[in-house]
Structures are given as C-alpha cells and as structure tokens.
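Each ligand, and each atom within it, is numbered from 1 in the order the structure gives.
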Amino acid sequence: MEAINASIGFDRKLYPQDIAASKAHCAMLERQGIIAPDDGKAIREGLDTILREIDAGTFTFKTALEDIHMNVEARLKELIGEPAGRLHTARSRNDQVATDFRLWLRDAVDRIDAQLRALQTALIDQAEAGADLVMPGFTHLQAAQPVTLGHHLMAYVEMFGRDRGRFADARRRLNECPLGAAALAGTSFPIDREMTAKALGFDRPTANSMDSVADRDFALETLAAASISAMHLSRLGEELVLWCNDGFAFVELSDAFTTGSSIMPQKKNPDGAELVRAKAGRIVGALVTLLTVMKGLPMTYGKDMQEDKEPVFDAAATLELSLACMVGMIADMRPNAENLRAATQKGFLTATDLADWLVRVAGMPFREAHHVTGALVKKAEDRRVDLAELSLDEMQSVDSRIDASVYDVLTVESAVASRTSYGGTAPANVRAAAQAARERFL
Ligand code: ARG
C-alpha cells in the first residue's frame, strides 16, 4: 500500500510551491485571528528553515509520510512542536495540492514561453539572412513552386507564435487560487481567500470549492498546448533531418548538435533533430494519460488525481529540452545557398508562372493556360531540359500566342520576386514579415 500510495518520489519537486502556499495560508490565518501571532511567526520561520534544508539537500524525505505536504508538516512539528499542528486549520491536502500544482505549472509555462520566444528570435534571424535564398517549396513532398528559405522559416515563426498564444490562454485560466476550498465544501473559519490568492500572485480565488479540488483542466490545457507545440517541433525536426540528407543537402547543422558514427567515419548524424522529432510522442502521451485518468471521475477529488504529476513533469521537462535543442540547432544552422538553388532547377517549378503569364499576357482563361503549360512541360520533359531551355520556336509550336517576353517569368528568382501578395514569398515581403514579427512577438 505504501508503494502505491506514496507520491513523495515525484511530488517533492513541489516543495518551493508547497512552502510558499503554506506561508501565505499561515499569514492569512494570523491576520484573520484564526491562529495566534506567536504561532504564526513560529510556523513561518519553521517553514523557512525547511526550505533551506531542502535546498541544501539535508532534508530527509520519508515515503511513510506519503507526500510533500505531510513531509513538510512532519518536519515542522519536529522543529517547532505543537504550533505546527495549527497550520492545517481551514485547509486540506486537496486544495493544497491543487494550489501547489498550479503554481508549479505557472512557472513552467513562463519558462516555456521564454524558450518559444528564443526560438522565434533564432528563426527570424535566419529568415532575414535567408530572405533571398531560393529553394523548392513542397506539397506532397514534391517540388511545387519556388519559395525562399526565409519564407519557409517564417512559417514556423507563425506556428510557434500560436503556441505561445495557447500557453498564454491556458495561463490566464490557470491563474486562480484553489486554496481555502479546503477538502471540498469550503470552511466554517473566517478565512480571506482574496488575501492568499493575491499573496501567491493569482488573479483571484476559484469560485466553487468543489470544482477547486476536482479540476485538472489547467494541467490538461497546458499539456494540450505542449502537445501542439511538440508536434510543431517534430515537423521542424523532420525538416532538418531531410535537409541534412545528401539528397537535399540544404543546410548543415553544427557539430554541437550532430554526432558521428562509431563505425562510419564520414557520418554526421542529425541526432538532435531526430530526438526532437521523437520526443513529441512522450508529450502527446502525457496528455492522453491525464485525459484518461480524469475521464469518468465523479466529483470531487479522487486519489486517481495524484497520477497527474508525473506526466506533467515529464512533458514539461521534455518540451523544455526539445526547445533548448531546437533553439541551438536553428541558431547554428548554415544554409547551403547553391544546393537550395540547384534543387529549384528540377521539377519545372516555374510552370505556374508560365501559366499565369499565358493568362496575363496572352489573355487565356486559366484552365486553358494550365493545359498549354502541361503540353510545354511534356515537351521539356521529353527533351530533358528545363522550361526556360525550350526555344521560342518550340514554345510557339505548342501555342502561337507565346512571345519572347515569356522567358522573363521562367527563372526562379523572378518567380519568387513576383509573389508580392500579402503573405507571399517575395524577398521584400519576407523582410517586411520578419520585421513585423519582431514587433508582434519579441
Ligand atoms: N498526494 C496527493 C496528490 O497528489 C495530495 C492530496 C491528497 N489528498 C487526500 N485526500 N489524500 O493528489
């Protein structure tokens, strides 16, 4: 029973939050005249001693004392004797743990937000540096139209910006204080929940005592935001893996984020990117774990809910590690401009530009232009040349309305430069988007 019941093995991590919440509770009990000032002082000083002991590593955690709350209270009793027993007036471990956990998650969300911001900074820096670097844009992982590396990277700036929005949104709802809900029904003592909420940096106390101890939405919302962010990191990790592959050779990652092979001397493996790609699984797993723990639980607290902590701690640590690695990889990444451009010379990437020209200059309906372009691509394919290498005669044999000005739109540089529509890939747009992103996000 002790082995399955105890949570001290993992909830000891909550000690700074547990002690801060106890101190706030104690100060409130004192001010409300629920405990004597002398007792309050002894309790608060004892809690400070315990904080120092745990920080210093001299505190002995006991599994028999089940969790962080009882470990702290038992040590307080050893230190100050009888007054220690007055701290638990008008509270329960149910509101205590909900408070501690929210405090812990709030800090985690703030750390993650700072890391996401750092990742956006690294991406924007690279996007500005790569605003003119042409590369193939893909759909179905098939070369589709030319884009710039800067534009591609700015797509991720948007994704991570939305992630930050989701974390901020979760944080707003998370920031209410359950302390004082007591076991589930509130308390008959004249407590001041506004005071404890304010002391702990919460916006307000939670409104319903039963919901206060039964709710883990704040953890689920954070895990949901973490899962989506991890999914984005995984996609970027996959792109880095592809881009490092010899078939692409679009970028080189620094030695700091790659490893060699124990047998093949030439190898430089993108392990960091692969691991970021993989770690999303653990984070999504944490979300599914907690959703499964919570589903079907009747009001209010159930010991099931003690199973909330390990997945959340693991997901947060995993996301923080993944973000740290991704920030380093992006900041150090060296694009290979030649290879990026060379890849645009296969796959008839300017076929859409040709069709658009036929619409604009030759006045064809787009559907007809699409058909004519198809015939020209077929011709180029048969001759194993690029569209721009077809002679004017060959072009005119397909459609007599084509003239020499068509060649102006067939280079990848002209193709990207022409895409000046809002949100488009033109280098000028990318520079403006990067500047705007600095203002929106940094
Ligand atoms: N260790 C418990 C948890 O993590 C604290 C709350 C215990 N409450 C109780 N009524 N046994 O959920």
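Summary of contacts: the protein heavy atom closest to atom 7 (C) of ligand 1 is Y301 OH, 3.4 Å. Nearest protein heavy-atom neighbour of atom 5 (C) of ligand 1: D67 OD2, 3.5 Å. From the protein, the heavy atom lying nearest to atom 11 (N) of ligand 1 is R93 NH2, 3.4 Å. Looking only at heavy atoms of the protein, atom 8 (N) of ligand 1 is closest to N94 OD1, 2.9 Å.
Ring geometry, F250 versus W243: the interplanar angle falls from 30° to 60°, so the pair is classed tilted. In this pair, F61 and F59 present their aromatic rings tilted. The plane angle is within the 30 to 60° band.
Interface atoms of ligand 1 facing H69, defined by a heavy-atom separation under 4.0 Å, are 5 (C). Within ligand 1, counting atoms from 1 as listed, the ones closer than 4.0 Å to a heavy atom of S7 are 1 (N).
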Q. Going through the checks in order, is the salt bridge (Lys or Arg N to Asp or Glu O under 4.0 Å) test met by D192 and K198?
A. CA-CA 10 Å; D192 181 351; K198 191 158 174 266; over 6 Å; no

(Q) Applying salt bridge (Lys or Arg N to Asp or Glu O under 4.0 Å) to R438 and D125, what does each step give before you reach the verdict? (A) CA-CA 10 Å; R438 284 189 197 284; D125 288 347; 2.8 Å; yes

Q: Would you please test T58 and R52 for side chain to side chain donor-acceptor pair (under 3.5 Å) and show each step?
A: CA-CA 9 Å; T58 59; R52 279 195 300 275; over 6 Å; no

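The closest heavy-atom contact to atom 2 (C) of ligand 1, among the options K309, E307, Q306, comes from Q306.
With salt bridges taken as basic N to acidic carboxylate O contacts below 4.0 Å, one links R172 and D169.
Residue contacts with ligand 1, taken as heavy atom pairs separated by less than 4.0 Å, do not involve Q96 at all.
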